[in-house]
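Contents: one structure, followed by commentary.
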Amino acid sequence: MEEERVEQTPPPPPPSYIHIETNDFLHRRHKRQKEEDIAVCECQYNLLDPDSACGDRCLNVLTSTECTPGYCRCGVYCKNQRFQKSQYAATRLVKTEGRGWGLLADENIMAGQFVMEYCGEVISWKEAKRRSQAYENQDLTDAYIIYLNADESIDATKKGSLARFINHSQPNCETRKWNVLGEVRVGIFAKQDIPIGIELSYDYNFEWFGGAMVRCLCGAGSCSGFLGAKSRGFQEATYLWEDDDDRFSVENVPLYDSTDDEPTSIPKDILLIKDEPFTQDGSNNSIQNTENPIIASSSEFTPMNVEPLNGSIECGAQYAEDALQNSTCEVANLQSQSAPRGNNHTELVAVKRRPALRGGKAKRGMHKQLNVAGICDRFASEVAREEILYCEEMKNQAAAQIDGLYDEIRPAIEEHERDSQDSVATSLAEKWIEASCCKYKADFDLYASIIKNLASTPLRSKEDAASKDQNGVMISRVMGKSEHGNLLVSLSDGLPHYSLAAAVGLAIGVAGLCKALHSSLVTPCVPQNKLFSNSERLYYVGGLKNLGNNCFLNVILQALASCDGFVSSLDNLLGSEDVLPEEKSERMPLIFALSSLIKDLSVVRDERTELSPHRVMDALSFYVGHFNLTREQA
Ligand SMILES: C[S@@+](CC[C@H](N)C(=O)[O-])C[C@H]1O[C@@H](n2cnc3c(N)ncnc32)[C@H](O)[C@@H]1O
């Protein structure tokens, strides 16, 4: 029997496009890197250690910045010029089932390896929108526009690199942005080892400017069903109006609201606690939080071990909770704003989100207010009252400042929530960070002032105070010493609960503070207008250099620098006798780097000074495998 011969017709070639290996700028010129903007690393080539020439520990690599030729001491050995030298992995084009053309690995690719650059025409956001619509009108189903930043996109439809053929699927690759000679460029990087012959894929969500809705055929169980369903292409429909390059959204755009965040897990060691529970009346009641069931029911909670002082002093209600809420929310806010998606980043405080309020209105300012007047009323000292009221005024001003700013930067935050890590303009981010730092500082000063006065000034009798203010808060206080000798103060509104929030907020903020108070390190409430009051000169504390996208880290460092207790705790750790002084930087690199940077940050100078967080970042990489600052934020 004659065998039927099936003619294998080769698939038609992919629709023509112009192959390029560097971006083509349509609406502006390629930026020229200014000499003062060139980041020079500290690597030195060592024949015996090939990684010495700008490998994983290179400060530029850590900040996703390529070394500038001629400025890197490793010269030709520098391994950190992969975009510039088009050091791509070997790949092969194939025709797929139902998904057009795709790209296969043509060699074994290692996790973290740079696969290739996503090149195309760099166009403005408006042009991207126009083109996307035009392609849709032309019935082009394949879309090739991805985001570069809030203002620009890369269109690889007519011109592009092979990366334009990578399909969407359960991703074995991801996009990362790198700073190359002053321009941001998008690279495809392997998320895992990819054996030869396996198709490359990345997640189009967020990255993609898909015009038409295309049903996704990737087959993954978790797939949203459409390509780039969370991408801006879809989000476009939710914008209500535009004003030049700004877009304003309608109510169904989920807004981020920091006050929606609740701590869901708290590192136990922050609590400095063990043994039996305590209550404010010294009995053995179990700890409940009637007002915040989420916090109260957390299985992470461990009650404090304190020695109740004789007698009880009463104090104003929710400020510890308020303090924690503010601080965790702000940290969470910054994490949320800065953390790129899909990272295994280590979170300082795990947060969960609740749906935004209808109408997209932020709930800012809705958290419980501290009754400062009620608290002040209990202090016998006029000076103490004045100081606390002054701090409250500062806190209110800082809150008003940040609320005002929030409206201004909200479009950018929304943008950032959906888009990439660097889409918030630096000037806006800086304003926000500055205001956040002021808010932290003002909050901290107020709580510090109250606690300091509780610890050091006489109180009026309960009856005395109550007779003045029938509606005044019930105040109670339990003070004790933790096992480390730190004074712990817990405050409650008289209800039989000690919230987790209070416990943690106090443990974090107060332990350090009280310790500092005891050693006279802190004068928390020096009114600013009295600082240098006889001087005409301006004084500054150091600023932190933005080495790429490390503003999130900078704000945390700034906030920590204003907590004297934190600095002294670092000193205590460094003072440990188990480690020889000369070994400290090696054996405790992070603590060492943090301590010296934070000390530097606390110095008041008569000129502006820019400090570099390089060493801290460098030390972080000891603890976080493959630490990449711009990817693993917070
Ligand atoms: C950047 S291109 C990828 C290369 C494209 N397959 C080609 O032949 O040129 C994106 C387009 O590929 C197709 N595509 C990619 N991933 C897909 C998937 N999981 N399911 C269906 N189509 C997909 C869609 O048409 C999409 O607009």
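Just so it is clear, the model here is predicted, and its values are computed rather than measured. When a ligand or atom number is given, it counts from 1 through the structure's own listing order.
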Practice problem: Mind checking salt bridge (charged side-chain N to carboxylate O under 4.0 Å, His left out) for Arg164 and listing every partner two or more places apart, or none if nothing turns up? | Solution: none
Quiz item: Under 4.0 angstrom from ligand 1, any heavy atom of Ala143?
Solution: yes
Quiz item: What atoms of ligand 1 come closer than 4.0 angstrom to any heavy atom of Gly100?
Solution: 6 (N), 8 (O)
Self-check item: Partners meeting side chain to side chain contact (heavy atoms under 4.5 Å, CB included) with Gln558 (sequence neighbours left out)
Solution: Cys437, Leu544, Leu601
Quiz item: Taking NZ, NE, NH1 and NH2 as the nitrogens, is one of them in Glu42 or Arg615 under 4.0 Å from a carboxylate oxygen of the other?
Solution: yes
Quiz item: Is Tyr118 in polar range of ligand 1, meaning some N or O pair under 3.5 Å apart?
Solution: no
Quiz item: Within less than 4.0 angstrom of ligand 1, does Gly102 place any heavy atom?
Solution: no
Self-check item: Cation-aromatic face contact Arg82/Trp178, 6.0 Å, 45 degrees
Solution: yes
Quiz prompt | Ligand-side contact atoms (ligand 1) for residue partner Tyr144, heavy atom cut-off under 4.0 Å | solution = 1 (C), 2 (S), 7 (C), 9 (O)
Practice problem: Examine Thr141 against ligand 1 and note whether any of their N/O atoms are separated by less than 3.5 Å. | Solution: yes
Exercise. Check the side chains of Tyr135 and Asp155 for a donor-acceptor pair under 3.5 angstrom, ignoring hydrogens and angles.
Key: yes
Exercise. Using distance alone, decide if ligand 1 has a nitrogen or oxygen within less than 3.5 Å of any nitrogen or oxygen in Tyr204.
Key: no
Self-check item: Contact (N/O only, under 3.5 Å) between Arg164 and ligand 1
Solution: no
Quiz item: Can you list the atoms of ligand 1 that are under 4.0 Å from a heavy atom of Ile166?
Solution: 3 (C)
Exercise. Could you go through the ring-ring contact (aromatic ring centres under 6.0 Å, His included) check for Tyr118 and Tyr144 one step at a time?
Key: CA-CA 10 Å; Tyr118 193 101; Tyr144 302 89; 8.2 Å; no
Practice problem: Among Glu183, Glu121, Glu127, find the residue that satisfies the salt bridge (charged side-chain N to carboxylate O under 4.0 Å, His left out) test when tested with Arg28. | Solution: Glu183
Self-check item: ligand 1 to Leu217 polar contact by distance, N or O atoms, under 3.5 Å
Solution: yes
Quiz item: Going by the atom numbers of ligand 1, which of them fall below 4.0 Å from some non-hydrogen atom of Cys218?
Solution: 19 (N)
Quiz item: Is there a donor in the side chain of Asn167 and an acceptor in the side chain of Glu199, or the other way round, less than 3.5 Å apart?
Solution: yes
